[in-house]
Amino acid sequence: MAVELKDGVYWVGVVDWNIRKFHGHEYSTHRGTTYNAYLIIDEKIALVDTVWGPYSQQLIENIKKIIDIKKIDYVIANHAETDHSGGLPELMKIIPDATVVVSEKGNESIFKHYHEKWNFKVVKSGDSISLGKNNLVFVAAPMLHWPDSMFTYLTGKNILMSNDAFGMHYASSGRFNDEVDMIEVYQEAIKYYTNILTPFSDLVIRKIDEFKKLNIPVDIIAPSHGIIWRKDPLQIVDKYYEWATQKNDGSVVIIYDTMWNATGKMAKSISEGLEMEGVKFKLFNMAVHDRNDVLTEVFKSRGILIGSPTMNNGLLPTLKPILEDLKGLKFKNKVGAAFGSYGWSGENVKLIEENFEKAKIKKLQEGIKVKWQPTREELDKCVEFGRSFAKALRS
Ligand code: FEO
């Protein structure tokens with residue numbers, strides 16, 4: 001059902017309650033998502049973004065309930081990723097003469113997705129299009145989330161349509177932040193930031209500084225996923241600024257996997273050491289935990305302790321995706337240490353420490369290894385390992 005944001009501006013997107021894996025299978029969406037598209041009725045009519053391809057007809061039906069769809073003059077494609085541009089092919093079959101507005105990078109990325117010679121108009125940062133009473137103003141936002149990403153701002157209504165930025169994967173009956181559970185919203189927003197935007201944190205800071213200097217009034221921030229920020233809309237901008245600085249809460253995350261629980265016992269004993277020193281921690285066996293959720297906890301924390309037994313001269317495979325993400329997400333200000341059991345070759349600690357180096361996680365202390373099952377004395381050493389890690393963390 002279409003929802004009015006302000007007079008003549010409508011949400012015409014789709015709520016996807018059941019999606020549980022996004023980006024192929026890369027990102028877990030425990031609370032579903034939405035694909036937000038916005039219809040603006042002025043002397044000219046514009047649609048800002050579309051929806052994921054399988055939902056094209058739903059988008060078209062939503063628009064038809066408000067206007068004759070053939071009256072659309074402009075389709076703004078803020079970003080080529082198919083969760084937002086996927087509705088273009090079906091839509092453009094109905095309105096082949098409409099102008100598709102793209103950023104300079106979007107000119108290539110949209111074309112290379114659909115290979116259609118639509119009537120493209122390329123805009124750069126600061127360009128505007130008059131709709132009659134109000135204008136659309138475009139702001140390039142490279143890497144939030146792709147090089148082609150841009151924001152579209154509607155003058156007169158003071159609505160910033162920020163595409164991926166300031167969004168979250170969250171399906172809800174209410175469209176606005178004053179209609180939903182904000183604890184859930186912020187859990188999803190920080191997860192989204194962690195897993196998608198962390199590597200671009202410096203750009204986030206620069207973009208927010210740049211935007212604040214423009215001194216543009218913002219009544220509503222309307223991202224392309226999740227809720228629309230209507231009540232105190234700049235709260236999410238302030239949150240992004242805070243997240244982009246990558247401050248942490250001083251806690252520790254213990255990430256491990258185990259075969260016959262030798263490394264599991266070590267993890268438990270290490271956590272006892274942290275507890276004795278009053279350091280908050282969370283313990284995750286990667287055989288059962290969701291990678292994106294654990295990464296979100298890593299984002300909030302200061303210390304990362306990673307444990308694995310040695311298997312086939314390597315680490316347990318369940319740990320490899322998160323180690324790859326730690327490298328790719330480029331978290332800042334993290335310290336770590338490695339642990340694990342082994343039977344004969346015992347490369348585990350060395351391999352984990354090599355991963356720390358690649359992820360620019362500072363090794364806080366030498367790793368600890370136990371051959372076969374740990375004795376009581378060896379577990380006491382693990383407790384001490386946790387205590388010394390906690391002390392070093394605080395110093
Ligand atoms: Fe929601 Fe980068 O697409």
Side-chain angles (χ1 to χ4, degrees), residues 11-38 47-56 58-59 75-89 91 100-114 138-152 160-172 175 185 187-201 203-204 207 221-229 236 239-240 243-244 292 295-296 325 328-330:
W11 175 88
V12 286
V14 168
V15 181
D16 189 344
W17 287 95
N18 295 315
I19 190 165
R20 287 297 177 268
K21 291 287 176 189
F22 197 80
H23 279 161
H25 278 69
E26 187 273 326
Y27 188 109
S28 60
T29 42
H30 307 313
R31 293 187 171 106
T33 194
T34 71
Y35 314 101
N36 298 339
Y38 301 99
L47 177 71
V48 179
D49 288 316
T50 67
V51 296
W52 186 31
Y55 291 106
S56 300
Q58 203 171 321
L59 169 74
V75 181
I76 318 303
N78 277 322
H79 173 33
E81 196 162 14
T82 56
D83 48 331
H84 310 296
S85 71
L88 279 172
L91 185 71
V100 179
V101 180
V102 292
S103 68
E104 288 170 299
K105 297 276 186 193
N107 194 28
E108 186 206 23
S109 58
I110 293 280
F111 181 75
K112 291 295 281 177
H113 274 74
Y114 303 107
F138 306 98
V139 181
M143 301 320 293
L144 306 178
H145 160 226
W146 280 0
D148 60 5
S149 297
M150 67 175 179
F151 299 165
T152 299
L160 178 68
M161 287 157 282
S162 54
N163 199 262
D164 279 331
F166 312 127
M168 75 295 305
H169 290 303
Y170 184 65
S172 54
R175 297 277 61 78
V185 164
Q187 282 172 352
E188 295 303 330
I190 193 170
K191 176 177 172 178
Y192 191 92
Y193 187 92
T194 298
N195 285 275
I196 294 177
L197 295 173
T198 305
F200 313 114
S201 290
L203 287 170
V204 171
K207 187 51 58 182
I221 294 178
S224 58
H225 295 294
I227 55 92
I228 298 164
W229 302 90
I236 188 61
K239 268 290 169 207
Y240 261 49
W243 292 335
N292 304 113
L295 285 165
T296 308
D325 271 323
L329 290 173
K330 301 184 177 79

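Atoms within a ligand are numbered from 1 in the order they appear, just like the ligands themselves.
Partners of Pro142 according to the side-chain contact (heavy atoms from CB on, under 4.5 Å) rule, which considers only residues two or more places apart in sequence or in another chain, are Ala140. Scanning for salt bridge (Lys or Arg N to Asp or Glu O under 4.0 Å) contacts around Asp325 gives Arg291, with sequence neighbours left out. Residues that satisfy the side-chain contact (heavy atoms from CB on, under 4.5 Å) test with Ser28, not counting sequence neighbours, are Lys21, His30, Lys191, Asp290, Asn292, Asp293.
Near-neighbour remark for atom 2 (Fe) of ligand 1: protein N, O or S atoms under 2.8 Å are His79 NE2, Glu81 OE1, His145 ND1, Asp164 OD2; waters not counted.
No donor-acceptor pair closer than 3.5 Å links the side chain of His225 to the backbone N or O of Met168.
At most 12 heavy atoms of other shown residues, nucleotides or ligands fall within 6.0 angstrom of atom CD in Glu108. The environment of Trp11 atom CH2 is dense: over 12 non-hydrogen atoms of other residues, nucleotides or ligands sit within 6.0 angstrom.
Within His225, the N/O/S atom positioned nearest atom 1 (Fe) of ligand 1 carries the name NE2.
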